[in-house]
Amino acid sequence: MNIKQLGWNAHFESHFENYRGQDLVPARVIRVGGGFYTLLGADGEQTATLAGQLRHGSTQDALPAVGDWVGIDSPQEGGIRIHAILPRQTALKRATVSNRKGLVEKPGVPQVLAANVDIAIIVCGLNRDYNPRRIERYLTLVHESGAMPLIVLNKSDICPETQARRAEIESIAFGTPVLVTSAQCGDGLDELASHLKAGSTLVLIGSSGAGKSTLLNRLACAEHQQTSEISAAVGKGMHTTTHRELFPLPGGALVIDTPGLRELHLWGESEAGLASTFPEVIGFAAQCRFSDCQHDQEPDCGIRQALHDGTLDPARLESYLKQRAEIASATLQSELAAQVAQKRKRKTIPRQGKRWRREHGDGQ
Ligand SMILES: Nc1nc2c(ncn2[C@@H]2O[C@H](COP(=O)(O)OP(=O)(O)OP(=O)(O)O)[C@@H](O)[C@H]2O)c(=O)[nH]1
Ligand SMILES: [Mg+2]
Ligand SMILES: [Zn+2]
């Protein structure tokens with residue numbers, strides 16, 4: 001297989017120069033699980049593990065994710081090892097969430113959902129899944145990642161007001177294409193397929209049960225992924241897909257299917273993504289007299305004026321403020337995590353020093 005067909009380009013070529021002398025070859029991560037990485041490269045599919053220098057001391061976002069390009073050694077006793085991860089062109093990141101006991105597993109460290117993605121397809125079902133506010137959260141995530149967003153409203157076959165919903169989403173999409181599809185009947189799939197260019201990487205994201213895997217199977221003309229009915233009781237998906245995985249499609253595009261997220265927590269440092277999702281809110285805020293206006297009691301407030309004139313939808317403002325607060329709290333959490341790590345480092349160095357003096361005598 002030619003690695004250009006897997007999305008290899010000049011960016012990766014130039015970064016790989018540093019590793020040429022180390023006898024490494026490039027490969028792309030297509031699946032991650034249980035400490036093993038499934039890769040696709042010039043030699044086809046291979047399984048690899050991490051070399052020691054990557055295993056120790058790497059935070060979660062610095063470990064290979066689906067879509068990453070990595071440098072591997074040649075097969076030897078003990079298998080193939082990943083020695084390097086090439087700098088990502090784009091990365092979809094979310095804040096790590098609390099586990100069932102309410103504890104945050106790795107506070108302040110984002111999780112990379114997919115790397116080196118050209119287009120992120122935000123899939124939303126036109127049933128009880130339909131939720132413009134949730135689409136806005138996904139838009140912030142995608143804008144921040146560097147990938148291009150594409151919104152797909154799926155299940156048009158069971159929705160009597162398809163056009164009204166498309167118009168509603170177009171009014172908050174600010175130029176992001178909005179497609180209406182039925183993975184079941186095939187409507188809109190040709191238009192969706194026209195966005196799948198050979199060698200480009202796309203990822204399907206959205207709630208469980210939205211129809212991501214059904215869309216992938218239809219686009220691939222193959223039953224790559226298992227799908228299952230949504231729960232009749234709660235109208236939600238059953239979390240059928242459990243792993244992120246990249247599939248090369250017959251037309252040459254590379255599509256990553258992902259498990260539906262229970263909740264999408266925005267990662268700190270997503271302010272630029274937030275601004276791209278809410279350009280009109282940013283525009284009205286720019287008209288406030290004070291640059292630090294809280295849009296509360298201050299005179300000449302552009303936001304309050306727009307609300308008064310009816311040019312700003314209060315639901316959009318509420319959505320913006322909610323996302324902004326979430327991003328601020330995630331940023332704070334990562335700063336605290338960095339401080340704790342720094343403190344720990346400061347403590348271990350004197351401790352190591354003490355041990356050295358104990359073992360070698362302190363010269364007194
Ligand atoms: N009526 C209708 N049903 C659909 C459509 N697309 C998918 N479904 C059904 O919706 C259910 C969930 O589809 P999946 O493809 O498994 O959903 P998913 O987004 O992959 O869900 P997770 O893997 O749990 O994240 C299945 O029963 C599909 O047959 C559609 O366009 N119309
Ligand atoms: Mg699925
Ligand atoms: Zn204001």
Side-chain angles (χ1 to χ4, degrees), residues 31 66 113-114 120-131 134-135 138 151-160 162 165-166 179-192 202-220 222-247 255-264 278 280-309 311-312 314 316-317 320-321 324:
R31 195 169 50 233
V66 172
L113 298 174
I121 307 174
I122 301 168
V123 185
C124 174
L126 283 165
N127 50 358
R128 280 159 69 182
D129 186 39
Y130 178 77
N131 183 336
R134 189 174 333 108
I135 292 177
Y138 277 101
I151 301 168
V152 167
L153 303 176
N154 186 40
K155 308 200 182 187
S156 61
D157 55 295
I158 52 166
C159 174
T162 312
R165 297 216 150 152
R166 183 210 283 252
L179 310 189
V180 171
T181 62
S182 168
Q184 190 134 304
C185 308
D187 292 352
L189 294 187
D190 284 347
E191 199 186 347
L192 177 55
L202 299 93
V203 65
L204 293 155
I205 52 175
S207 320
S208 175
K212 300 177 294 298
S213 302
T214 313
L215 283 166
L216 171 85
N217 290 345
R218 287 298 295 253
L219 293 167
E223 291 303 303
H224 281 314
Q225 290 285 67
Q226 201 192 328
T227 64
S228 66
E229 294 286 320
I230 59 172
S231 145
V234 290
K236 287 188 179 172
M238 308 290 272
H239 293 278
T240 313
T241 304
T242 53
H243 284 83
R244 296 179 276 276
E245 182 163 355
L246 182 148
F247 297 92
V255 179
I256 301 171
D257 189 17
T258 67
L261 301 178
R262 277 169 223 276
E263 281 169 337
L264 170 56
F278 296 96
E280 89 283 32
V281 179
I282 302 295
F284 290 126
Q287 291 165 21
C288 299
R289 188 202 293 183
F290 302 108
S291 60
D292 61 347
C293 183
Q294 297 302 300
H295 324 305
D296 187 19
Q297 299 289 331
E298 296 88 339
D300 297 332
C301 169
I303 293 278
R304 283 210 323 281
Q305 186 64 44
L307 286 173
H308 178 262
D309 296 344
T311 45
L312 174 61
R316 288 276 295 169
L317 178 63
Y320 166 80
L321 292 173
R324 195 180 67 170

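Values reported hereafter were calculated over all heavy atoms of this structure, with side chains retained and with hydrogens, waters and symmetry mates removed. Both counts, for ligands and for their atoms, begin at 1 and track the order of listing.
- For Ser213, the nearest N, O or S atom to the Mg ion (ligand 2) falls under 2.8 Å.
- Contact atoms of ligand 1 toward Ile158: 1 (N) (distance under 4.0 Å to a heavy atom of the residue).
- Under the 3.5 Å distance criterion, with hydrogens and angles disregarded, no donor-acceptor pair is assigned to the side chains of Asn217 and Gln225.
- Atoms of ligand 1 found under 4.0 Å from any heavy atom of Glu229, numbered from 1 in the order shown, are 27 (O).
- In terms of protein heavy-atom proximity, atom 13 (O) of ligand 1 is closest to Thr214 OG1, 3.4 Å.
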Begin with the C-alpha distance, continue with both residues' side-chain angles, and end with the deciding distance and a verdict on side chain to side chain contact (heavy atoms under 4.5 Å, CB included) for Ile256 and Leu202.
CA-CA 6 Å; Ile256 301 171; Leu202 299 93; over 6 Å; no

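- Looking only at atom types and distance, the side chain of Thr227 has no donor-acceptor partner in the side chain of Ser213 under 3.5 Å away.
- For the residue pair Leu219 and Leu192, the shortest heavy atom distance occurs at CD1-CD2, 3.9 Å.
- Only the side chain of Asp157 comes within 4.0 Å of ligand 1, judged by heavy-atom distances.
- For atom 8 (N) of ligand 1, the closest non-hydrogen atom of the protein is Lys155 CE, 3.7 Å.
- Residue-ligand proximity, Ser207 to ligand 1, at heavy-atom distances under 4.0 Å covers atoms 19 (O).
- Residue contacts with ligand 1: Thr258 is placed with no nitrogen or oxygen under 3.5 Å of a nitrogen or oxygen of the ligand (distance criterion only).
- In this structure, atom 6 (N) of ligand 1 lies nearest to the protein heavy atom Asn154 ND2, 3.1 Å.
- In this structure, Arg316 pairs ionically with Glu280, as a charged nitrogen and a carboxylate oxygen lie closer than 4.0 Å.
- Atoms of ligand 1 lying under 4.0 Å from any heavy atom of His239, numbered from 1 in the order shown and given with element: 24 (O).
- For ligand 1, the atoms sitting less than 4.0 Å from at least one non-hydrogen atom of Ser182 are 31 (O), numbered in the order shown with element in parentheses.
- Between the side chain of Glu263 and the backbone N or O of Leu261, no donor-acceptor pair lies under 3.5 Å.
- Taking distance alone, with nitrogen or oxygen atoms compared against 3.5 Å, Ser156 stays at or beyond that limit from ligand 1.
- A donor-acceptor pair under 3.5 Å is formed between the side chain of Arg218 and the backbone N or O of Gln184.
- The single protein non-hydrogen atom nearest to atom 29 (O) of ligand 1 is Gln184 OE1, 3.9 Å, given as residue, atom name and distance.
- Closest heavy-atom approach to atom 24 (O) of ligand 1 among the candidates Ser208, Gly209, Ala210: Ser208.
- The nearest heavy-atom contact from the protein to atom 23 (O) of ligand 1 is Thr241 OG1, 2.7 Å.
- Residue Lys212 has at least one nitrogen or oxygen atom sitting less than 3.5 Å from a nitrogen or oxygen atom of ligand 1, judged on distance alone.
- Formation of a donor-acceptor pair under 3.5 Å by the Ser208 side chain with backbone atoms of Gly260 is not found in this model.
- At least one donor-acceptor pair closer than 3.5 Å links the side chain of Asn154 to the backbone N or O of Ala183.
- For the pair Arg289 (side chain) and Cys301 (backbone), a donor-acceptor distance under 3.5 Å is absent.
- Relative to atom 12 (C) of ligand 1, the option among Gly260, Gly211, Ser228 with the closest non-hydrogen atom is Ser228.
- At most 12 non-hydrogen atoms from other residues, nucleotides or ligands lie less than 6.0 angstrom from CG of Asp190.
- For Thr241, the nearest N, O or S atom to the Mg ion (ligand 2) falls under 2.8 Å.
- Take a cut-off of 2.8 Å around the Zn ion (ligand 3): the protein N, O or S atoms inside it are Cys288 SG, Cys293 SG, His295 ND1, Cys301 SG.
- Considering Arg134, Lys212, Arg165, Lys155 as possible partners of Asp129, the one that fulfils the salt bridge (Lys or Arg N to Asp or Glu O under 4.0 Å) test is Arg134.
- For the residue pair Ser182 and Asp157, a side-chain donor N or O sits within less than 3.5 Å of a side-chain acceptor on the partner.
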Using the side chain to side chain contact (heavy atoms under 4.5 Å, CB included) rule, take Leu153 and Leu179 through it: C-alpha gap first, then chi angles, then the decisive distance, then the call.
CA-CA 6 Å; Leu153 303 176; Leu179 310 189; over 6 Å; no

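- Near Pro259, the atoms of ligand 1 lying under 4.0 angstrom from a non-hydrogen atom of the residue are 25 (O).
- Of all the heavy atoms in Thr241 and Pro259, the pair that sits closest is O-CB, 3.0 Å.
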Take Leu126 and Thr162, measure what side chain to side chain contact (heavy atoms under 4.5 Å, CB included) needs, and give me the verdict at the end.
CA-CA 8 Å; Leu126 283 165; Thr162 312; 4.2 Å; yes

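- At least one heavy atom of Ala183 sits less than 4.0 Å from an atom of ligand 1.
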